[in-house]
Amino acid sequence: MNVILYCRVSTDEQADGCSLEMQERYLTGYCNNHKYNVLATYHEDYSAKHYDLKRPELKVIYDYCRRHRNEVDKILFLRWDRFTRNLEFALTYKRKFYDELGIEINAIESPIDFKGTEWSMLLGMYCGAAHTEDEKISRRTKDGIHGTLLKGKCSNKAPRGYINRRDDKGEPYVEKDETQAGVIKQVFEEVAKGVEAPNNIRRRLCPNIQKDAFYRMLRNIFYIGLIRVPAYKDDPEQIVKGQHKAIIDAETFDKVQDILSGKRKPMVSKTIDPDLYLRKYIVCPICGHSITGATSTGKGGKYKYYNCCHDGKHLRRPANYVNDKFANWVGGLRPNQEVLDLYTEVLQDLRGEHKQDVQREIEALRKEIEKVKERLTKADELFLEGNLKDESYNRITENCERQIQELKGRIDLLQTDTKGLKDKIDYSVNIIANLRNFMMDAPVKTKCKILSSMFPGKIEFDGEKYRTQSYNQVLDLIFQETNKLRGCGEKESEKSEEVSHSVPRPRIELGTKL
Ligand SMILES: [Zn+2]
């Protein structure tokens with residue numbers, strides 16, 4: 001009796017102890033017991049389901065059998081469900097081998113007697129039952145996953161920052177992994193700031209996470225305590241509250257989503273709209289919310305306006321109007337001439353003194369260099385006279401040369417410092433003298449820099465007048481009538497505006513101190 005052995009596995013079946021080797025062992029043992037002559041053994045390990053009907057090895061067997069039909073008696077495999085879980089397939093190959101070539105195909109466990117009358121029923125049972133079981137398991141698994149997710153539970157491996165655990169009853173649950181959660185929280189917060197590119201943050205804080213995984217992580221709602229349940233059967237996709245604890249708060253998460261989707265660009269590259277640059281500084285006097293700006297398309301084309309972000313009824317004014325009023329308000333400050341003169345004097349003294357100090361320090365450093373050089377000469381002499389060992393000489397000279405370099409570096413630093421000072425003073429003086437013009441025409445970045453130094457707190461604007469309770473105290477010294485900033489003494493505002501232009505260019509240092 002000549003037989004061909006046929007072994008087959010698929011991935012999900014491999015686990016149940018029916019590996020190819022195991023099948024072959026059973027089959028060979030069976031053949032030995034029955035004194036069968038094994039012509040060949042074929043292994044089919046195409047595992048995926050769609051390969052079920054494409055059996056390259058079985059085709060090889062079939063081709064061989066067609067050419068040598070009289071030399072082969074049986075094709076044997078372990079069980080019918082090893083051969084196939086598809087009844088139609090089983091019937092086809094039964095016909096091809098048995099009916100057409102006269103070669104029996106059979107399982108060694110529960111073999112079917114094809115000469116009898118019940119073979120089709122048995123074949124249906126062995127292959128069909130396995131098929132039904134497959135379907136059932138697959139459906140049960142899918143149902144189970146869907147049900148688990150709907151309950152707000154994690155159905156598979158928890159994402160980074162969480163650990164899968166089981167409670168006393170063996171029920172799985174997900175716990176925060178405190179060691180990782182901290183870094184993840186930090187990552188989200190850094191990205192939400194919108195200052196640094198997300199990928200740089202990844203390289204800095206968690207280089208071990210791959211880029212793709214990193215972006216998936218940033219978009220995963222699991223971190224805010226939610227679970228996405230994919231559409232299943234008739235249920236549409238839905239989001240449910242998870243049973244796990246959130247690592248990220250919703251606000252931070254939303255900011256991150258905006259940045260990832262490009263809705264909110266990182267701040268560095270964000271340019272301030274020159275027409276709406278006051279947004280950062282002014283608040284609504286009625287409700288205290290920020291004043292925001294927007295562009296509106298009306299009949300006359302596009303126009304920009306500021307409005308209260310809480311309630312447009314509180315304030316809504318054209319951008320030009322608001323900006324002009326502001327330039328007048330700030331520009332209306334008259335430099336305090338007496339104080340300016342005094343400042344100028346003091347400053348010049350300071351510059352002179354500073355210069356003298358620097359000069360003195362440079363002198364001292366030069367002297368020190370001389371001393372070191374003397375020591376060096378002394379070492380040279382000693383060495384030449386043979387009173388200094390090689391290693392000591394080397395150590396001393398290296399030491400001295402390093403000291404000289406260091407001292408020279410400090411001198412360079414002091415010399416550049418005095419050069420820069422005059423430019424800084426001139427620049428600051430120019431701003432004070434022409435504050436109004438700066439507020440009208442300077443690049444928006446300069447405007448914001450000046451404003452931030454003058455007004456650390458918020459400025460109220462009621463549609464007509466500006467006032468603030470917090471401005472830099474230095475302004476009291478530089479400008480007259482700074483109480484106008486608080487909203488007092490406004491009657492003089494018209495007059496003071498005119499005066500501000502006629503003030504001679506004062507000389508005072510302002511920039512760095514404010
Ligand atoms: Zn308001």
Side-chain angles (χ1 to χ4, degrees), residues 189 192-195 249-259 261 263-267 270-333 435-436 438-440 442 444-473 475 479 481-494 497 514:
E189 280 165 359
K193 281 183 196 163
V195 175
D249 63 89
E251 199 187 332
T252 307
F253 187 83
D254 288 346
K255 279 184 193 160
V256 170
Q257 304 318 302
D258 282 354
I259 282 171
S261 63
K263 267 188 212 155
R264 199 159 74 85
K265 291 208 176 79
M267 272 193 292
K270 186 177 179 178
T271 48
I272 305 159
D273 186 335
D275 295 325
L276 299 170
Y277 74 99
L278 287 173
R279 267 196 291 213
K280 266 172 74 181
Y281 303 99
I282 51 181
V283 291
C284 169
I286 299 169
C287 65
H289 283 84
S290 322
I291 303 287
T292 66
T295 307
S296 165
T297 316
K299 288 169 203 158
K302 286 184 178 179
Y303 76 97
K304 293 179 180 172
Y305 62 91
Y306 288 101
N307 66 300
C308 170
C309 74
H310 182 60
D311 188 344
K313 281 178 206 142
H314 291 169
L315 181 95
R316 191 187 151 110
R317 291 281 190 286
N320 288 345
Y321 171 85
V322 178
N323 293 341
D324 287 353
K325 284 246 172 202
F326 188 79
N328 282 337
W329 180 61
V330 174
L333 289 171
L435 197 51
R436 192 167 182 281
F438 264 92
M439 279 303 128
M440 300 291 276
V444 67
K445 269 189 187 166
T446 312
K447 281 185 195 171
C448 290
K449 241 183 189 169
I450 298 172
L451 284 184
S452 298
S453 70
M454 289 176 79
F455 303 104
K458 291 289 179 189
I459 304 165
E460 288 181 1
F461 181 60
D462 61 8
E464 283 298 321
K465 299 209 157 45
Y466 285 93
R467 67 178 65 84
T468 184
Q469 295 312 314
S470 85
Y471 58 83
N472 194 313
Q473 295 297 296
L475 299 183
F479 296 104
E481 297 163 359
T482 40
N483 57 355
K484 281 200 311 179
L485 293 174
R486 297 189 200 274
C488 316
E490 278 140 353
K491 279 178 189 169
E492 286 180 48
S493 64
E494 292 300 317
E497 262 170 47
L514 283 187

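When a ligand or atom number is given, it counts from 1 through the structure's own listing order.
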Exercise for review: Output yes if Cys308 passes the N/O/S-under-2.8 Å test against the Zn ion (ligand 1); output no otherwise.
Suggested key: yes

Revision key, fill the gap. Of all N, O or S atoms in His314, the one closest to the Zn ion (ligand 1) is ND1

Exercise for review: Taking the side chain as every heavy atom from C-beta outward, state whether Val330 and Leu435 have any atom pair closer than 4.5 Å.
Suggested key: yes

**Study point:** Presence of N, O or S from Cys284 under 2.8 Å of the Zn ion (ligand 1)
**Key:** yes

Review point. Looking at side-chain heavy atoms only, is the closest gap between Met454 and Leu485 below 4.5 Å?
Key: no

Exercise for review: Please assess Asn323 against Tyr277 for the test side-chain contact (heavy atoms from CB on, under 4.5 Å), listing each intermediate value before the final yes or no.
Suggested key: CA-CA 8 Å; Asn323 293 341; Tyr277 74 99; 4.0 Å; yes

**Study point:** pair Tyr471-Arg486: side-chain heavy atoms closer than 4.5 Å
**Key:** yes

Review point. Got a sec: is His310 within less than 2.8 Å of the Zn ion (ligand 1) via an N/O/S atom?
Key: no

